Structure formats: C-alpha cells, structure tokens
Amino acid sequence: MAGLKIKPLADRVVVEPAPAEEKTASGIIIPDTAKEKPQRGNVVAVGAGKKDEPMTVKEGDTVLYGKFSGTEISIEGKDYLIMRESDIFAIV
Amino acid sequence: MAGLKIKPLADRVVVEPAPAEEKTASGIIIPDTAKEKPQRGNVVAVGAGKKDEPMTVKEGDTVLYGKFSGTEISIEGKDYLIMRESDIFAIV
Amino acid sequence: MAGLKIKPLADRVVVEPAPAEEKTASGIIIPDTAKEKPQRGNVVAVGAGKKDEPMTVKEGDTVLYGKFSGTEISIEGKDYLIMRESDIFAIV
Amino acid sequence: MAGLKIKPLADRVVVEPAPAEEKTASGIIIPDTAKEKPQRGNVVAVGAGKKDEPMTVKEGDTVLYGKFSGTEISIEGKDYLIMRESDIFAIV
Amino acid sequence: MAGLKIKPLADRVVVEPAPAEEKTASGIIIPDTAKEKPQRGNVVAVGAGKKDEPMTVKEGDTVLYGKFSGTEISIEGKDYLIMRESDIFAIV
Amino acid sequence: MAGLKIKPLADRVVVEPAPAEEKTASGIIIPDTAKEKPQRGNVVAVGAGKKDEPMTVKEGDTVLYGKFSGTEISIEGKDYLIMRESDIFAIV
Amino acid sequence: MAGLKIKPLADRVVVEPAPAEEKTASGIIIPDTAKEKPQRGNVVAVGAGKKDEPMTVKEGDTVLYGKFSGTEISIEGKDYLIMRESDIFAIV
C-alpha cells in the first residue's frame with residue numbers, strides 16, 4: 001500500500017478498514033448483512049502532524065478506532081477512511 | 001487559473017470543485033441529476049495563513065474536502081468554494 | 001466615504017453593502033424583489049485590531065462576506081453592516 | 001453624569017441609552033409605541049479592564065451596541081445598561 | 001458580619017442579598033408578594049482568587065449582580081448567595 | 001477517616017456527605033423522606049492537583065458543594081461523593 | 001495481563017472491568033440480570049501521555065471510573081474498555 005498517492009493534511013490519517021470478521025468469537029459463521037462495521041484498520045498514509053505535535057502512528061500500523069470515526073473517501077475505486085489521529089484509540 | 005483576482009483572508013482557500021464524474025466505478029454512465037456533489041477540487045487561491053501557522057496547500061493542488069465544507073461564492077460568473085484549510089482532508 | 005465618523009472597536013469592520021446586481025449572469029434583468037441580498041461590500045471603517053492581531057483589510061477594500069454576517073447599523077440615514085474581520089472571506 | 005457612584009468590574013461598561021429618535025429618516029413623526037429600542041448610548045462608567053486588556057471606550061463616548069446587549073440596572077431611579085466592552089460595536 | 005465562618009474557594013464571593021425595597025421609584029408601597037428578587041447585596045466573604053487573578057471586591061462592598069446569579073446557601077440559619085466574582089457587575 | 005484507601009486523580013476530592021439535619025431551622029422535626037439531600041460534607045481524600053494548580057481543600061475540611069455535584073461511589077460498603085475541587089463552593 | 005499486545009495512544013488507558021459483585025452489601029446473592037454494570041477495573045495498558053502531561057495510573061492499578069466512561073473494545077476475544085485518564089476518578 002506504500003504507493004498510495006495521497007498526502008493527508010495536519011494530524012489526519014488514512015486508514016484502510018479491515019474486512020469484517022467472518023466468524024464470531026464462538027466460531028459461528030455469520031451471514032454478510034449481520035457483519036459488524038469494522039473498527040480495526042491499517043494505516044496507509046499519515047499527515048505531517050500539527051505544530052509541535054508530531055504523529056504517533058505510522059504507515060503499516062494496525063489501529064483501533066471508534067465506530068463513527070472519520071469520513072469515507074474513495075481513492076482509485078477503493079474505500080478508505082480519513083480521520084484525525086485523536087480518533088484513533090490504540091495501536092494493536 | 002493563475003490570474004484569479006481574489007485574496008482569501010487568513011487561513012482560507014478558494015477551491016474550484018472538480019466536475020462530477022460521469023461514470024460510476026463500474027462504468028455505468030449516470031444521468032446528470034444523480035451526480036454526487038463533488039468533494040474533490042483544485043486550489044485556485046490561498047490566504048496568508050494565521051499567526052504562526054503557515055499554509056500547507058498551494059495554488060494548483062488537487063484536494064479532498066468534506067461534502068458540506070465551505071461557502072459557495074461566484075467570481076466572474078463562475079462558482080467556487082471558499083473554505084478554511086482545516087476543512088481540507090488531503091492533497092491527492 | 002473617507003469622512004465617516006465611526007471608530008469600530010477591536011477587530012470590527014464597517015462595510016457598505018454593494019447594491020444587488022440588476023442582471024443575472026445570463027443577462028436577464030430581474031425585478032427588485034427577487035434581488036439576492038448582497039454578499040459583497042466596501043470597507044468604510046476598520047478597528048485597531050485585537051492584541052497582537054493587526055488587521056488585514058483596510059478602508060476602500062472590496063470584500064466578500066457570509067450572507068448572515070454582521071449587524072445592520074444606520075449612520076447618517078444610511079445602512080451599513082458592522083462585522084468582525086473573521087466574518088470576511090476574501091478581498092476581491 | 002461624571003458623579004455617578006458605580007464602579008463596574010473588569011471589562012464592564014455602564015451605558016445610558018439615548019432616547020429613541022422621534023422622527024424617522026424621512027421626517028415622519030412616529031408615535032411613542034412604535035419607537036425602536038435604542039442601540040446608541042452614552043458611556044457613564046467604565047471598569048478597570050481585564051488583565052493585560054486595557055479598555056478602549058471612556059466616559060462620555062457615544063457608542064453603538066447590539067439590540068440585546070447588556071443587563072438593565074437602575075441607579076438612583078434611572079435606567080442604565082451594564083455590558084461588557086466586547087458588546088460594544090463602535091464609538092460614533 | 002465580619003465574624004462569618006466561611007472561606008469561599010478560588011474566585012467565589014458570599015453575598016448577603018439586600019432586602020427588597022418596600023417602595024417603588026414613584027413612592028407607592030407594594031405588597032410583599034410583588035417584591036422583585038433583590039439584585040443588590042453586601043459582600044460578606046471573599047475567596048483568595050484564582051491563579052494570577054487577584055479579587056477586586058472586598059468584604060463590606062455593596063454589589064450589583066444578575067437576577068439568576070449564584071447558589072443559595074444557608075449559614076447559621078440565614079440565607080446567602082455564593083457566586084463567582086465574574087457574576088458581579090459592579091460595586092455601588 | 002484517615003485510613004481510607006483511595007487516591008483521587010488530579011483535582012478530585014472524596015467527600016463524605018453529612019447526614020441531613022433532623023430538625024428544620026424553626027426546630028420542627030421532619031420525617032425521613034422529606035430530608036433534603038445534604039450539600040455539606042467532610043473531605044476524606046484529596047488528589048495531587050493538576051499541573052501548576054495545587055489543591056486548596058485538605059482532608060478533614062468541612063465543605064459546601066452544589067446539590068448535583070459529584071458522582072456517588074461506594075467504598076467498603078459506605079457511600080461517598082467524588083467531585084472536582086471546582087465543584088466545592090467553600091470551606092466552613 | 002502484562003503481555004497484552006496493545007499500545008493506547010496519548011492519554012488513553014485500557015481497563016479490564018472487574019466482574020460485578022455477586023453479593024450486595026447486605027450479603028444477599030442477586031441473580032445475574034440484576035447485576036450492576038461494574039465501575040471498577042484493572043488497568044492493563046497505558047498510553048505515553050499527552051505533551052507535558054505524564055500519566056498517573058500505571059499497569060496493575062485498580063481504578064474507579066464513571067458508569068458510561070470509555071468505549072468497549074475486544075482483544076483476543078475478551079472485552080475491555082479504552083478510556084482517557086481523565087475519565088478515571090481514583091485509584092483504589
């Protein structure tokens with residue numbers, strides 16, 4: 001994903017949402033419509049940070065973020081989320 | 001577009017929205033009324049920035065911005081959006 | 001307009017709204033009631049700025065501002081708008 | 001009005017509203033009930049300012065202020081408005 | 001009132017509301033239920049101020065304050081208001 | 001109460017509400033259900049303060065606080081309130 | 001719990017909620033559905049803090065937090081809460 005041609009501004013991060021898991025914790029396979037919206041994703045582009053606030057996440061990190069975080073954008077026909085680093089809870 | 005006679009104040013940016021794409025990702029041509037409002041545009045004028053906060057975008061950049069960002073203005077009979085740099089998500 | 005006897009406080013600016021345009025872009029003359037409320041005006045008085053924030057606009061500038069910006073005031077029987085400089089989008 | 005015994009705190013200003021004008025711009029005399037609530041007044045007392053923010057208006061200035069600015073107070077049987085300096089638009 | 005055993009925190013002030021005036025400006029004596037809630041009171045205790053912001057009012061001052069300012073507290077069977085100094089308009 | 005094993009974070013304070021007074025000011029004994037929720041309590045634990053803001057209240061102080069201040073917590077089967085120091089009006 | 005592979009960002013903390021207590025203070029065993037949502041938990045991961053604000057809680061602390069604090073996350077099939085340190089009331 002290194003070649004993605006997008007430069008997020010300030011403290012923004014572009015995340016590629018992980019596909020929803022096909023199985024529940026107990027191993028039951030769930031049909032497509034019941035899949036939970038993913039909250040886990042891979043960082044594919046990172047802004048330069050705000051004044052005096054360097055970024056913590058970096059390209060390639062797997063991150064957890066809130067269910068309603070970010071804005072959906074489409075780059076080269078594929079969907080990503082662009083959000084502020086403060087919308088990211090943790091690196092896993 | 002270099003000759004546009006407008007000087008945005010502070011951290012404001014004038015963006016010329018890109019025309020809506022005529023085809024969907026799958027290649028179907030869609031009629032005019034179904035076109036999505038563009039979220040991609042070209043920067044045509046940039047303010048001087050706020051105190052101690054220089055601007056990142058520059059004239060000629062193609063940018064992504066939120067669906068409801070900015071205010072429509074008309075310059076020489078053509079429509080533009082004027083928004084704050086913080087309303088811009090990324091340079092593409 | 002140089003002789004207007006008013007001293008705006010802090011970062012306030014007095015603007016004389018431009019008369020609404022009599023013709024649409026396509027050249028159709030529109031009746032008076034359909035005229036859009038002007039968003040373009042001439043700066044006639046400028047405050048001294050706030051602490052450490054000098055003003056950018058100056059008397060005589062033509063400016064663009066939001067449709068609902070400012071408060072109408074009447075000076076010597078004529079209507080003006082008084083607004084903060086941050087309500088002004090751009091100098092044209 | 002110099003002898004008014006009141007000391008506004010911080011950035012507050014006591015204003016004596018000007019009597020509503022008896023005539024409209026076109027010279028028609030209007031009955032009492034149609035008078036517009038005045039937005040012009042005389043400064044009769046000024047606070048010491050906030051930390052590092054000296055006051056701009058001074059006793060005796062005629063000022064313009066918003067229609068809903070300030071709180072009515074009664075001093076020696078007469079009505080005044082007490083407001084913050086930031087509620088004052090301009091000195092006229 | 002000097003012996004009141006209460007130490008307001010930070011920028012808080014304890015005020016003893018003045019009794020409502022028995023007569024209107026025109027000298028008519030009004031019955032008890034029509035009395036306006038007092039907005040004038042005597043300062044009986046003053047906090048130590050906030051960091052770098054010394055207090056302006058002092059014990060014994062008569063002050064004007066907003067109709068809905070402060071919280072009623074009862075000390076030794078008597079009602080007082082405790083409010084922030086910023087809720088006080090002026091010393092009279 | 002010195003041995004209470006709880007360390008409030010930042011500017012938080014643990015208060016043990018005083019029992020509601022059994023008698024009204026006029027000496028009438030009121031039944032249990034009419035008792036007012038206490039607004040007076042004893043400080044039993046104090047946080048370390050926020051950066052550059054040392055705490056004013058200390059263990060053992062009797063304090064007044066707003067009727068809806070704080071969150072009820074239960075420690076060793078007994079109810080306390082945990083609140084920010086700024087929710088405390090005064091030391092009595 | 002030392003080996004939990006998660007790195008909270010900024011001032012965030014991962015808490016493992018304590019199981020709801022099976023008995024009430026008076027010793028009555030309550031059925032499962034009546035159990036109160038726990039407000040006590042163990043800290044299992046701590047962020048690096050925000051600029052100039054080091055963290056106070058550390059891994060292994062038992063903490064009290066508000067009933068509606070944090071966001072539920074699932075790590076390796078187990079539920080945790082991720083919250084800001086400011087959502088934590090006290091260490092017990």
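Chain A is the first sequence line, chain B the second, and so forth, proteins listed ahead of strands; every chain is numbered from 1. Nothing here was measured: the structure is a model prediction, and the numbers come from that model.
Both the backbone and the side chain of E:Ile91 come within contact range of chain D, judged by heavy atoms closer than 4.5 Å. For E:Val57, the part lying near chain D is the side chain, with the backbone staying farther off; criterion is any non-hydrogen pair under 4.5 Å. Heavy atoms of E:Asp61 lying under 4.5 Å from chain D are absent altogether.
For the pair D:Met83 and D:Val15, the minimum side-chain heavy-atom distance is below 4.5 Å. Between D:Leu81 and D:Ser69 the shortest side-chain heavy-atom distance does not fall below 4.5 Å. Contact of the D:Arg40 side chain with the D:Thr62 side chain is registered, since non-hydrogen atoms from C-beta on lie closer than 4.5 Å. At a threshold of 4.5 Å between non-hydrogen side-chain atoms, the residues D:Val13 and D:Arg84 do not count as touching.
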